[in-house]
Every structure is written in C-alpha cells, then in structure tokens.
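Throughout, a chain's letter reflects where its sequence line sits, starting with A, and its residues are numbered from 1.
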Amino acid sequence: MDKKIRVRFAPSPTGYLHVGGARSALFNYLFSRHHNGTFILRIEDTDRSRFVENAMKEIFESMKWLGLNWDEGPEVNGDYGPYEQSKRLDLYKKYAEKLLESGNAYRCFCSPQRLAELRTEQEKNKQNIGYDRHCLTLSEDQVAEKLKKGDPHVIRFKIPHGRIVSFEDSIRGRIEYKSEVLDDLVLLKADGFPTYHMANVIDDHLMEISHVLRGDEWIASTPRHILIYEAFGWEPPEFAHLPVILAPDGKKLSKRKGAASVMDYKQNGFLPEALFNYLALLGWSPGDDREKMSLEEMVKSFSLKQVSAKASVFDEKKLEWMNGLYMAERSALSLADIVVPEWKKKQWINSERSTHDQYLLDVIELMKVRSKRTTDLVENSVYFFKDPQTYEEKAARKYFKDNAAELLKEIYTELEQLQVFDKDHLEKLYHDFAQKSEISFGKIIHPARLAVSGVSFGPGLFELLSILGKEVVLRRIKTTVSFIERNRT
RNA sequence: GGUCCGUUCGUCUAGUGGUCAGGACUCAAGAUUUUCAUUCUUGCAACAGGGGUUCGAUUCCCCUACGGACUACCA
C-alpha cells in the first residue's frame, strides 16, 4: 500500500446521530485504524433549509461517547480545513467556474416550476425522469443577457452521453451504468451553495480521501461523481457502499421502534463499548466465531472483505446480551459515574453522596452481574436505599405462610445477638438455626430475602444482609412480621 | 416507469464445487447456585423459487419472486 489511507465520515447537521450513521462512522474508524490511516470528520452543511441548530453538537457528543475520535475535523482542526462545507463556499464557486470554462457544465435558468411540470409530464408519459437539457441550447448572448438581468440560475453538470461508467465497489464488486440514464445534475444552487454531489467530490479530492465508505443510498450517485472527478482530471477514490440497518419489521429504524439515535441508547442504559461492539458486528464479521471483542481485536481483524452487502436488522435483545457481558466486566467505580447520579435523581440517596462511597460501590458490585442495562441496575437496587413498601405478591403467598412469622421472630432474636454482622457469621447463624429447629434451609432464607428486599430475586442472602447492616435488617424483619400477622385470616 | 443493489435458522452471521451447512442472540428443557443472574449441557430452527453449467451445486451463470435505494436547486 503506497497511498496514505485517509477516510472520512461526513454527516449533515440535520438532527441527532442515527445508529446507521454511527455504524458508518465506526467502519470508517476501524478501517482507518487498521491501516494506520487518518479518520476525518467533515460536516456537510450545504442545505440551509435543513440546518438544525444543535445537531452538530449532538453529533460530536455521540461520536465521542462511542469513542469515535476523529483525527481531523471540527474542534481538532487539521491541514485540510476548514471541515465545514459552509466555510468553503468560494472554493466550490471557483471549481464550478472551472467546469463552466472547460465545457463540462452550463448555466440553467429553468424555474423550479418548469422543472416540476417537466417531471409530472414525464411521469404521466412514463418517460424516464430527468432534466431535458433545455438550457444547454442557450446561446452565449442569451446567457449573457439573462445574467445581466440577474436571473436566478444554477450550474448544471453536463453528463457525457454514450459512455459506460463503471467502478469497483470494495464490497459489491463491479457496478456499471450507461451514462445516458444519468441526467444533468445541479452542481451549484441558485443560492450559491453547492449540492452534495459537487462539494463531496471537491472535498474528497482536496482532502486527499483515499477510500469513501458511505451508505449504500449513494450507489446510484457514484457514477455521477466519477464523471465529475473525470471532468476535473482527478483520480477518484476507492468506494465501498455500506448496507443499511433496519428495524425488526424490515423498515427504517425510528424512535418509535425502540431507538434510533445513539444518545437514545445511552439513555436506555447501554454502555458505549457494548454498542460499539454490537454495531461492528452488524454487517461485519471477523471471519470466525468471535463476538465479544476488544477494540484492538476489532481494529486488527477489520476488513472490507468481511463486510456484508446485505441490510441487517437491529436486534436489541442481542445488544442487551452483549451489554450484560460488558456490565459484568466493568469496575464498580466506573459504573458509579453512570448509576449514582440516577439514584440521586430518584432521591434514593443524598445528593451530596460521593461516587466513591463504599456502600454504593458494594451495591453496584453485587448488582452489576445481574443487570443487562445500567437502567436495570438503577431500578433493581431500590431496596438498598429504601425499606420495601410492598412484597412481591406471588412470593409473599408462598413464603409468608404457616409459621413464617414465628420463624422470623426467632431468627430476629438470634440476629440481634450476633456480634459480627458479616457474610460468614450470618451464614453460620442461619445454618445452625436450620439444624437446631430441624427445618429446611429454604424455609428460612426465602422469607428472609422477601422480608428485607420485598422481592424474590437478587444477590446471595448473606451478602445482602451484611451489606444492609444489622439495624436495617432488624427493622425490616420486624415490619414484615407485623405485616404477616396483620394479613392473617 | 427506469436504473442499480440485495436474498443462509425468527434475528446477527460463518462457510465451501463434495460439510452431519458451523457459531451467536432469542426461545425451550436440564445441571450448578439458598433465590435471581452468571456458567455449563441439550434441543428447536436456514441455503427464496425455477432453469442451466457440472459426475456433483448452498457455492458459478440466467430468469422469476420478494425486499430496498436512487430517480430534488436534500444529503
């Protein structure tokens, strides 16, 4: 490989970062890292009507959260800037004029209305749709006169006919188009802004992009881009068109079907490294059975050859599974940054409480392995902060019957006398009690769990009791005993 | 309508001109665990259809069907 690898992710600031876009960015990132290349972020803000105020900020934030750090682009800059197309307008104008001079482009004064009429007419007659080159036949004088009058106009690219335009897609192989099926696209809009097609070609060339990895909705535009490169006398980059990500119903992903934006996933309790890993596996495979992989492994194994051409369905269940693996692996301290603020929001703990608080870390340590999402961990930990208000109904019917209250009372007395309230001593106490009273272990531990937590599942009972501490445990058992007695018929 | 892209278990995918078509998620059953989760074992489940080429096609070619993209002074 003699050429430097430079790739770019080029979103337009029209909203949040969609997971499909994130995945494209991720593949670009992996590809650049694999080849020791450069990952560039470029903002394609050439449509003033669709500009959304905070979109750029949100896109940056999403990318950083996922760990998609760019080497060149907004905020970090670089030698090929500016990296926002709206700041490169004079550049595009200059190049459009070059195309005008070389005869590869022409001015078009057709009104939007005429274009719309043309289109409906073509649709009605089942003709191929496209610009009819009405203004190509304008004489120089006519053009000069219209220019003098200040008539609004665009600059169109003149597609050479009778050609077969082909390119080698790194994922799909050779793709060919007859040039006459392409119509004369607009390069420069009447407002002086370039269209995507022109800005994209000029920037990719000027920024020395070696590989364009983008969504497959661009396949049909690629032959036009190739022709533009040709008109400039430039060599086009390599192309690879990435498949889309779909919702389970086979349609586009949207907020209604779970989530669509990267930040939604953060909100819904997913870890960035889990989303990253899952997204990498959507459409790409290392070629073997590995699934959970470190970033280094992914970088090392990444290859466009192993990228599928097929659209893939986003499976939140599998993401959840993977997130669970990463949750278990995370340190309690790192999870505390995510989870503790949520507990504060719920006012389960004091807002002054530190994320280094040992009690909180113990809770996280105990709960992280049985949580799929950080939001599960947050929710399922209530009883570490608040006495249970109710008891799981089904479990209560099962465990709070017969002589449960009496047994709880007896154990209460024993617990009261226990000097060292830790896991081992508690375990011994319960064992001894079971033996002494000749009852099964299950008879006393299940009611105990339900009494102190309100639910029938969770960490090991003795860890639970020791973390909660003697005072809390005794209080809760006492409450439970009166609950049972009150509800007796 | 035109052009282009795609099609292996429900989902993500591996794979090869000859394989019992492999793994993962989900689901089900079981083992372990004081519960839950983890872990482990087992099970269910796929080459869209039709033609070729070939001794042999899931694999190569063509057609059909289905899905999708593009066909803007949007990207």
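A:Asp47 and A:Tyr196 share no donor-acceptor pair across their side chains, judged by distance under 3.5 Å alone. In summary, the side chains of A:Asp422 and A:Ser466 do not present any donor paired with an acceptor at a separation below 3.5 Å, with no hydrogens or angles considered.
If you check B:rG43 for Watson-Crick or wobble pairing at under 3.5 angstrom, you find it paired to B:rC27.
Listed nucleotides: B:rA75, B:rA24, B:rA69. Nearest to the side chain of A:Lys252: B:rA69. Comparing B:rC36, B:rC73, B:rA75 against the side chain of A:Phe457 picks out B:rC36 as the nearest. Closest to the side chain of A:Arg119, from the set B:rA75, B:rA72, B:rU35, is B:rA72.
Residue A:Tyr92 contributes atom OH, which lies 13 Å from atom C1' of B:rA75 at whole-angstrom precision. Rounded to an integer number of Å, the gap from A:Leu279 CG to B:rU11 P is 19 Å. In this structure, CG of A:Leu377 is placed 16 Å from P of B:rA37, rounded to the nearest angstrom.
Salt bridge absent: A:Asp204 and A:Arg214 never bring a charged side-chain N and a carboxylate O closer than 4.0 Å.
The ring of A:Phe302 has its center closer than 6.0 angstrom to the ring center of A:Trp284. Centroid-to-centroid, the aromatic rings of A:Tyr391 and A:Phe483 come within less than 6.0 Å.
Using a 4.0 Å heavy-atom cutoff across all strands shown, A:Pro152 reaches no nucleic acid atom at all.
Distances shown here put a side-chain N or O of A:Lys189 below 4.0 Å from the OP1 or OP2 atom of B:rA75. Considering only side-chain N and O atoms, A:Arg156 lies under 4.0 angstrom from the phosphate OP1 or OP2 of B:rC73.
Using the six-membered ring where Trp is involved, A:His225 and A:Trp218 have ring planes that are tilted, between 30° and 60° apart.
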One pair to check against ring pair (Phe, Tyr, Trp, His ring centres under 6.0 Å): A:Phe31 and A:His211. What are the steps and the verdict? CA-CA 9 Å; A:Phe31 184 80; A:His211 297 255; 4.8 Å; yes
Using the 3.5 Å cut-off, write out each protein N or O paired with an N or O of nucleotides 13-16 of chain B and the distance between them.
unit_1, atom_1, unit_2, atom_2, d
B:rU13, OP1, A:Gly283, N, 2.4
B:rU13, OP1, A:Ser312, OG, 3.4
B:rG15, OP1, A:Gln306, OE1, 3.4

Every protein N/O within reach of nucleotides 2-4 of chain B N/O, cut-off under 3.5 Å:
unit_1, atom_1, unit_2, atom_2, d
B:rG2, O4', A:Asn128, OD1, 3.3
B:rC4, O4', A:Tyr177, OH, 3.3
B:rC4, O2', A:Tyr177, OH, 3.2

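Under 3.5 Å, the side chain of A:Arg370 and the base of B:rC36 form at least one donor-acceptor pair of N or O atoms.
Closest of all the heavy-atom pairs between A:Glu180 and A:Gly162 is OE1-N, 2.9 Å.
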